[in-house]
Amino acid sequence: IDLHHGGVDLQFPHHENEIAQSEAANGCKFCNNWAHNEFLNFGSEKMSKSLGNVVTIRDFVKTYSGVVLRQILLSVHYRSKLDWTEECVSKAIGEVERIHEFTLSLENAVAKNIEDNSEVEKVNLALIAIKEELANDFNVPGALGIFFGVIKDFNRLEKTGVSAKYIEGVRFCVEFMKLSTGLIHDNPKNILNELNLARKHLSGTSNINDAEIETLLVERIKARATKNWGRSDEIRNRLNELGVVVKDNPDGTATWSYK
């Protein structure tokens, strides 16, 4: 076997017995590489059926989506403990949102005829560094940290203009991260919609009717158009109570999401 996986609690005696039995039976080395993962913890206790503190994959995915679950599980190195909290779920939702808002911007990016060779070189080096992190014992969090740097640079540079070569380099990074980690998904708009539903559940507002929110937003836009600022503020406060964040756009429209 080239690679054998298991929990750290199985190193002794389970895996030692496995080695002894297999090598005695076959007369050759049993496994070349071992990957022992650390525990997933609820507070100070590991998650286990015997303790009754299990969150099933089926239930979590139904509520928050598989996209968020994958982000959580890859947010720490597999040899490090992962503490399961509402904060880690919220953090994962924010990270997935940041990634897919960026990929949506990248899809719509328009190249300019400019010289940005230093930025092209920087993104090319970032891709090399991402590969090195993943080659270093599957260090996905390290690779992801570098990738977030690429996102930060792109968001900053796009405001003043980027070249076709720079966009190509960024897209190479995205495609590699997509294939190697599975953290980047097709149809970013659909992913962002899934995240809004995940936030709705996390905020405890899953019983709120989205139609009510849309009605309040329409009324608020009308109030702002007629400079009825008092009513506009009342509606914003009501939306805040419902766990909704409103963003006013320059064209007079408004978008919203759950906190």
Should [X] and [Y] be regarded as members of a common hydrophobic cluster, given that ILVMFWY residues are connected when their side-chain heavy atoms come within less than 4.5 Å of each other, either directly or indirectly?
X	Y	result
Phe42	Leu69	yes
Leu74	Leu82	no
Ile151	Val170	yes
Ile19	Phe12	no
Leu73	Ile93	yes

query = Could you give the distance from CG (Leu195) to NE2 (His100), rounded to the nearest 0.5 Å?
reply =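 Rounded to the nearest 0.5 Å, the CG-NE2 separation comes to 8.0 Å.
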Should [X] and [Y] count as an ion pair when the cut-off is N to O under 4.0 Å?
X	Y	value
Glu38	Lys81	yes
Lys165	Glu168	no
Glu219	Arg231	yes
Arg156	Asp153	yes
Asp248	Arg224	yes

Tell me, do [X] and [Y] make a side-chain contact under 4.5 Å, heavy atoms counted?
X	Y	answer
Arg171	Ile167	yes
Phe172	Val123	no
Glu133	Ile130	no
Ile191	Asn187	no

Does [atom1] in [X] sit with more than 12 non-hydrogen atoms of other residues, nucleotides or ligands closer than 6.0 Å?
X	atom1	value
Phe138	CZ	no
Asn113	CG	no
Leu179	CG	yes

request  = Apply side chain to side chain contact (heavy atoms under 4.5 Å, CB included) to Val245 and list each qualifying residue two or more places apart in sequence or on a separate chain.
outcome  =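 Only Ser257, Lys259 meet the side chain to side chain contact (heavy atoms under 4.5 Å, CB included) criterion with Val245.
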ask   = Residues two or more places apart in sequence or in another chain: which of them pass side chain to side chain contact (heavy atoms under 4.5 Å, CB included) with Arg238?
value =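 For Arg238 the side chain to side chain contact (heavy atoms under 4.5 Å, CB included) partners, ignoring immediate neighbours, are Glu212, Leu216, Glu241, Leu242.
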message = Could you report the tightest heavy-atom contact between Ile114 and Gly161, atom names first, then the distance?
response =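 Result for this residue pair: CD1-O, 3.1 Å.
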request  = Can you see which heavy atom on Asp137 is nearest to which on His77, and at what distance?
outcome  =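 Heavy-atom minimum between the residues: O-NE2, 2.7 Å.
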request  = Apply side chain to side chain contact (heavy atoms under 4.5 Å, CB included) to the pair Glu158 and Ser105, showing each step before the final yes or no.
outcome  = CA-CA 9 Å; Glu158 190 192 19; Ser105 296; 4.2 Å; yes
inquiry  = Looking only at side-chain N and O atoms, does His5 offer a donor or acceptor that is under 3.5 Å from a partner on His36?
reply    =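 No - no donor-acceptor pair under 3.5 Å links their side chains.
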query = For Phe154, which of Phe102, Phe147, Phe148 qualifies under ring pair (Phe, Tyr, Trp, His ring centres under 6.0 Å)?
reply =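 It is Phe102; the other options fail the test.
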task = Carefully, step by step, assess Phe39 and Trp84 under the rule ring pair (Phe, Tyr, Trp, His ring centres under 6.0 Å).
result = CA-CA 10 Å; Phe39 293 137; Trp84 189 276; over 10 Å; no
request  = Indicate the ring-plane relationship of Trp34 and His4, choosing parallel, tilted or perpendicular according to the 30° and 60° boundaries.
outcome  =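 Geometry flag for His4 against Trp34: parallel rings.
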task = Test side chain to side chain contact (heavy atoms under 4.5 Å, CB included) on Lys222 and Thr226 and set out the steps.
result = CA-CA 6 Å; Lys222 290 179 179 177; Thr226 57; 5.8 Å; no
query = Stepwise, does the salt bridge (charged side-chain N to carboxylate O under 4.0 Å, His left out) test hold for Lys91 with Glu95?
reply = CA-CA 6 Å; Lys91 180 174 181 287; Glu95 289 175 341; 2.6 Å; yes
